[in-house]
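Note sheet for the following structure.
Just so it is clear, the model here is predicted, and its values are computed rather than measured. Quick note on labels: first sequence line is chain A, next is B, and so on, each numbered from 1.
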2 protein chains.
Amino acid sequence: MMTLDVEELRRRLWRRYREIREPWMRWMLRIQDEALSALRDFLRGEGFIEILAPIIGPVTDPGIRGAKQVSIDYYGERFKAMSSIILYKQMAATALGKVFALSPNLRLEPPETLHTGRHLAEFRQLDLEVAEAKYLDLMELGERMLIYVLRRIRRECAEELEKLGRELRIPPRPFRRLTHAEAVELLREEGFNLKHGEEIPWDAEKHISSLFQEPFWIIDYPITARGFYDREDPDRPGILRDFDLLYPEGYGEAISGGEREYEYERVLARMKARGENPEDYSWYLEMLREGIKPSAGFGIGVERLTRYLCGLKYIWDAVPFPKVPGIPSP
Amino acid sequence: MMTLDVEELRRRLWRRYREIREPWMRWMLRIQDEALSALRDFLRGEGFIEILAPIIGPVTDPGIRGAKQVSIDYYGERFKAMSSIILYKQMAATALGKVFALSPNLRLEPPETLHTGRHLAEFRQLDLEVAEAKYLDLMELGERMLIYVLRRIRRECAEELEKLGRELRIPPRPFRRLTHAEAVELLREEGFNLKHGEEIPWDAEKHISSLFQEPFWIIDYPITARGFYDREDPDRPGILRDFDLLYPEGYGEAISGGEREYEYERVLARMKARGENPEDYSWYLEMLREGIKPSAGFGIGVERLTRYLCGLKYIWDAVPFPKVPGIPSP
């Protein structure tokens, strides 16, 4: 945890119109612009189609680790702002094969997460999904995509990087892989009191990220740590075919994704095991009952990518109009 | 007004996962993907920087013609989903010069607007703003941008256009310009009972759009027809320096924009004249009091552009996951 003057931050955010004119913000925004363009160019080159992400819906991804969903009154029904568009990506990938979207997401993170320096209540993911793909395919794609972006930023934004005092290294492929169990063991050795079968807490994630100089994967999360849509390995019950990519140097999570459950009975059982109400997901379950293709995909947070590229201490400096947990601001 | 089987539409929208697999949807989505890419390529070539649009904020554009804003509880404060990001574009253009964003917007349009076939409760604008620009500059940019997109779609999506039975003509520049007063006169001659000083109603807009075979501008709206941010012409009191671009063939509004008011005292007077509460806009007014640059800009609706490019009867067929006014659906 960092010490942070919350009142000072509140005042700064209210007067973002001053900060946005500072040179470092212009350098950051120029790098973000290039990164967005690079991500899309890479994906279009790989045969992906861009789709328009939904903003709201009757239900959204429930697997958001302690954050609250945003509810709205939509013509008399309770709707949610999207916290992730996984359910819609499955629909689109079945139809189109390879899809991506710049997805606007809202998650009312607990106010104390502002002290992690890497949580926002409003953020965007570059979200993608590939029909008939396996999780190892998506990890290979993610590595090539990140390297493509790093090369473009080094080439097109050399001046901005220099002014920000940021050196970006191009990591060799394949990236290192740790299983979730190995990551937990490593963190225990480092003094963290972790249990197997749980998500890795923010402080531990930051610590493990700081141990490495290159991005690395954590794979094979335990089924108890993730939502109902991450596919359980048929050959290894209790283990998911999923992954997170972590940035090095303490920047934490870059990418999160995996293969998806897509069979009606399995999803229903997983929902029940997690205490979800299947009625909330009626359109989704109806779709699964009629049948969709297996798929795998991931999301990469645009603000976290920008923070890493620019070497910024705080995530709210990696977005022009930040929404910091617990601090209402323009 | 078209006759529409609302119950049939409700059933269709609930089972969008079936429709999205139909060939015509794939052709539409491929054209939309190319249009998004073309818009961004054009703007980057013109020196624009892409910024991340806010999704929510303490206040949003009030000038949304009878639609309701979406309210949310944001850490104990009443926040709004963006219905347009004009106030933020002014902030960003002052800092960066030329900016654009793919902006997610929510507007709870009255349920009866579903019968226009061109309203959605959830949509995206390609929103842009240029510091120190005049409204005629932006109209020139808008014409070149639309022609660039039309050429790209004709070249890259010839097969999809043919399958959709759509022929796209490249209109010559400059496009025809009607003043708002001329448009009202023309519509009166066509039998519409319109008054000067008001927005043009949907049915009249559709009609005037159907009279032309090429896109055309309506400029110089009366001050009573638009929000507080559209700039009043200093030489012609009561007339705004603003514009709408209309598609031909009955497709209606393409682009809406203009020069912005940017001086504190003028904006305050305009807010009061429209019955707005200045306290709601405190961060914005504080920014204006400290001073921002004059600017002009516009938004182009992505779904309406897609509808026009594809020649679709209904706007909800121009988006993968449509939100039709009054019909809750995935």
(request) Heavy atoms only, distances under 4.5 angstrom: which of Pro58(A), Gly57(A), Ser71(A) has the most pairs with chain B? Name it, please. (result) Pro58(A)
(message) Can you tell whether the side chains of Arg11(A) and Glu8(A) come within less than 4.0 Å, N to carboxylate O?
(response) yes
(message) We want to know whether Gln90(A) and Tyr17(B) form a side-chain donor-acceptor pair, criterion being a heavy-atom distance below 3.5 angstrom.
(response) no
(message) Keeping Arg289(B) on the side-chain end and Tyr264(B) on the backbone end, is there a donor-acceptor pair under 3.5 Å?
(response) no
(message) At a heavy-atom distance under 4.5 Å, which candidate from Val70(A), Leu106(A), Leu29(A) has the highest pair count against chain B?
(response) Leu106(A)
(message) Can you tell me which of Leu52(A), Ile49(A), Val302(A) forms the most heavy-atom pairs within a distance under 4.5 Å of chain B?
(response) Leu52(A)
(message) Heavy-atom pairs under 4.5 Å with chain B - which of Glu50(A), Arg15(A), Arg18(A) has more of them than the others?
(response) Glu50(A)
(request) May I ask you to decide whether Arg12(B) forms a salt bridge with Asp317(B), counting only side-chain N to carboxylate O separations under 4.0 Å? (result) yes
(request) Using non-hydrogen atoms and a 4.5 Å limit, figure out which bit of Pro54(A) sits close to chain B: side chain, backbone, both or neither. (result) both
(message) What part of Asp41(B) gets within 4.5 angstrom of chain A, counting heavy atoms only: side chain, backbone, both, or neither?
(response) neither
(request) Using non-hydrogen atoms and a 4.5 Å limit, figure out which bit of Phe123(B) sits close to chain A: side chain, backbone, both or neither. (result) backbone
(message) Under 4.5 Å from any heavy atom of chain A, what part of Ile56(B) do you find: side chain, backbone, both or neither?
(response) both
(request) Against chain B, label Arg40(A) side chain, backbone, both or neither, depending on which of its atoms sit under 4.5 Å from a heavy atom there. (result) side chain
(message) Among residues at least two apart in sequence or on other chains, which ones pass salt bridge (charged side-chain N to carboxylate O under 4.0 Å, His left out) with Glu122(A)?
(response) Arg124(A), Lys323(A)
(message) Less than 4.5 Å to any heavy atom of chain A: does that hold for the side chain of Glu109(B), its backbone, both, or neither?
(response) both
(request) Select one option (side chain, backbone, both, neither) describing which atoms of Ala53(B) are under 4.5 Å from chain A's heavy atoms. (result) backbone
(message) Given heavy-atom pairs under 4.5 angstrom as the criterion, report whether the side chain, backbone, both or neither of Glu77(A) touches chain B.
(response) side chain
(message) Salt bridge or not between Lys163(A) and Glu159(A)? Use side-chain N to carboxylate O under 4.0 Å.
(response) yes
(request) Examine the side chains of Tyr229(A) and Arg260(A) and answer whether a donor and an acceptor come within less than 3.5 Å of each other. (result) no
(request) Any chance you could measure Ser329(A), atom OG, to Leu9(A), atom CG, to the nearest 0.5 Å? (result) 8.5 Å
(message) Quick check on Arg30(B) against chain A: is it the side chain, the backbone, both or neither that has a heavy atom closer than 4.5 Å?
(response) both
(message) Keeping Ser103(A) on the side-chain end and Gln125(A) on the backbone end, is there a donor-acceptor pair under 3.5 Å?
(response) no
(message) I'd like to know whether Tyr148(B) forms a side chain to side chain donor-acceptor pair (under 3.5 Å) with Arg152(B), so could you lay out the CA-CA distance, the side-chain angles of the two residues, the decisive distance to 0.1 Å, and finally the verdict.
(response) CA-CA 6 Å; Tyr148(B) 180 91; Arg152(B) 261 272 287 266; 3.3 Å; yes
(message) What part of Pro325(B) gets within 4.5 angstrom of chain A, counting heavy atoms only: side chain, backbone, both, or neither?
(response) both
(request) Could you tell me whether Glu290(A) and Arg21(B) have a side-chain N and a carboxylate O separated by less than 4.0 Å? (result) no
(message) Please output the residues of residues 91-100 of chain B in contact with chain A, using a heavy-atom cutoff of under 4.5 Å, in numerical order.
(response) Met91(B), Ala92(B), Thr94(B), Ala95(B), Leu96(B)
(request) Output the distance between atom CG (Leu102(B)) and atom CG (Leu102(A)), rounded to the nearest 0.5 Å. (result) 6.5 Å
(request) Can you see which heavy atom on Ala131(B) is nearest to which on Ser295(B), and at what distance? (result) CA-CB, 3.9 Å
(request) Measure the CH2-CG distance between Trp283(B) and Leu87(B) for me, rounded to the nearest 0.5 Å. (result) 5.5 Å
(request) Go through the atoms of Leu108(A) and report whether side chain, backbone, both or neither lie under 4.5 Å from a heavy atom of chain B. (result) both
(request) Below 4.5 Å from any heavy atom of chain A, which atoms of Phe321(B) appear? Answer side chain, backbone, both or neither. (result) side chain
(message) Which atoms of Gln32(B) are under 4.5 Å from chain A, going by heavy atoms: the side chain, the backbone, both sets, or neither?
(response) side chain
